[in-house]
Trainee: 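Submitted below is the structure of interest, expressed as structure tokens.
What you see is a predicted model, and the numbers here were worked out from it, not measured in a lab.
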Amino acid sequence: MNSDKDLRFSVLLDYYSCMLTDKQRDVIDLYYNEDLSLSEIAEHENITRQGVRDSIKRGEQTMLELEEKFRLAERSQKYYEIIEEVGKLSADIKAECAHCGFPKGIVKRAEYLVQLAEENKDLF
């Protein structure tokens, strides 16, 4: 795979593909998700290599502007991080309860779960 590709566009495409033109969506998908070269895409789409590049660049710019405005990918990533943390804390709580009654650690973790939820409630 081309190491010069910014793979965040593959993620942004999941969120903002419906806001792109059909041509932009197709060439960006082929470029980032199918790892085709500009020449291969040009042949597949029956346009010039420069036309492919221009379409990709315009689509990338559109997705960056949309992400700056709506932050869907960023919020989604944060949501998954929170869920992961909640899962880890829940497992800790379960393990602690199984071994020794209700120690102070449980209260501390429970308070942290509440804090996480409060600090991030605007994400939902």
Trainee: So does Lys88 pair up with Glu84, basic N to acidic O under 4.0 Å?
Mentor: yes

Trainee: Looking only at heavy atoms, which two atoms of Leu12 and Met63 are closest? And how far apart?
Mentor: C-SD, 3.8 Å

Trainee: What heavy-atom pair brings Tyr16 and Arg71 nearest, and what distance separates the two atoms?
Mentor: OH-N, 3.8 Å

Trainee: Just wondering, are more than 12 heavy atoms of other shown residues or ligands nearer than 6.0 Å to CD in Glu43?
Mentor: no

Trainee: Using atom types as modelled and distance alone, determine if a side-chain donor or acceptor of Gln24 lies under 3.5 Å from a backbone N or O of Thr21.
Mentor: yes

Trainee: Taking only residues two or more places apart in sequence or in another chain, which ones pass side-chain contact (heavy atoms from CB on, under 4.5 Å) with Ser76?
Mentor: Tyr15, Tyr80

Trainee: Does CD belonging to Glu119 count more than 12 external heavy atoms closer than 6.0 Å?
Mentor: yes

Trainee: Would you please name every residue forming a side-chain contact (heavy atoms from CB on, under 4.5 Å) with Gln50, sequence neighbours left out?
Mentor: Thr48, Arg53, Asp54

Trainee: So which atom in Cys18 and which in Arg25 form the shortest heavy-atom distance, rounded to 0.1 Å?
Mentor: CA-NH1, 3.9 Å

Trainee: Is there a donor-acceptor pair closer than 3.5 Å between any side-chain N or O of Ser55 and the backbone N or O of Gly51?
Mentor: no

Trainee: Which heavy atom of Glu67 sits nearest a heavy atom of Leu72, and at what distance?
Mentor: OE1-N, 3.2 Å

Trainee: Looking just at side-chain N and O atoms, do Glu40 and Ser37 make a donor-acceptor pair shorter than 3.5 Å?
Mentor: yes

Trainee: Determine whether the side chains of Glu111 and Gln115 contain a donor N or O and an acceptor N or O closer than 3.5 Å.
Mentor: no

Trainee: Please step through salt bridge (charged side-chain N to carboxylate O under 4.0 Å, His left out) for the pair Glu74 and Lys78, ending with a clear verdict.
Mentor: CA-CA 6 Å; Glu74 177 187 334; Lys78 182 71 173 172; over 6 Å; no

Trainee: For a quick test of reading the model, state the closest non-hydrogen atom pair linking Val11 to Ala73 and the distance between them.
Mentor: CG1-CB, 4.3 Å

Trainee: Can you list the residues that meet the side-chain hydrogen bond (donor to acceptor under 3.5 Å, both in side chains) rule with Asn46, with sequence neighbours excluded?
Mentor: none

Trainee: Would you check, one step at a time, whether the test side chain to side chain contact (heavy atoms under 4.5 Å, CB included) holds for Val27 with Lys23?
Mentor: CA-CA 6 Å; Val27 298; Lys23 183 70 71 179; 4.3 Å; yes

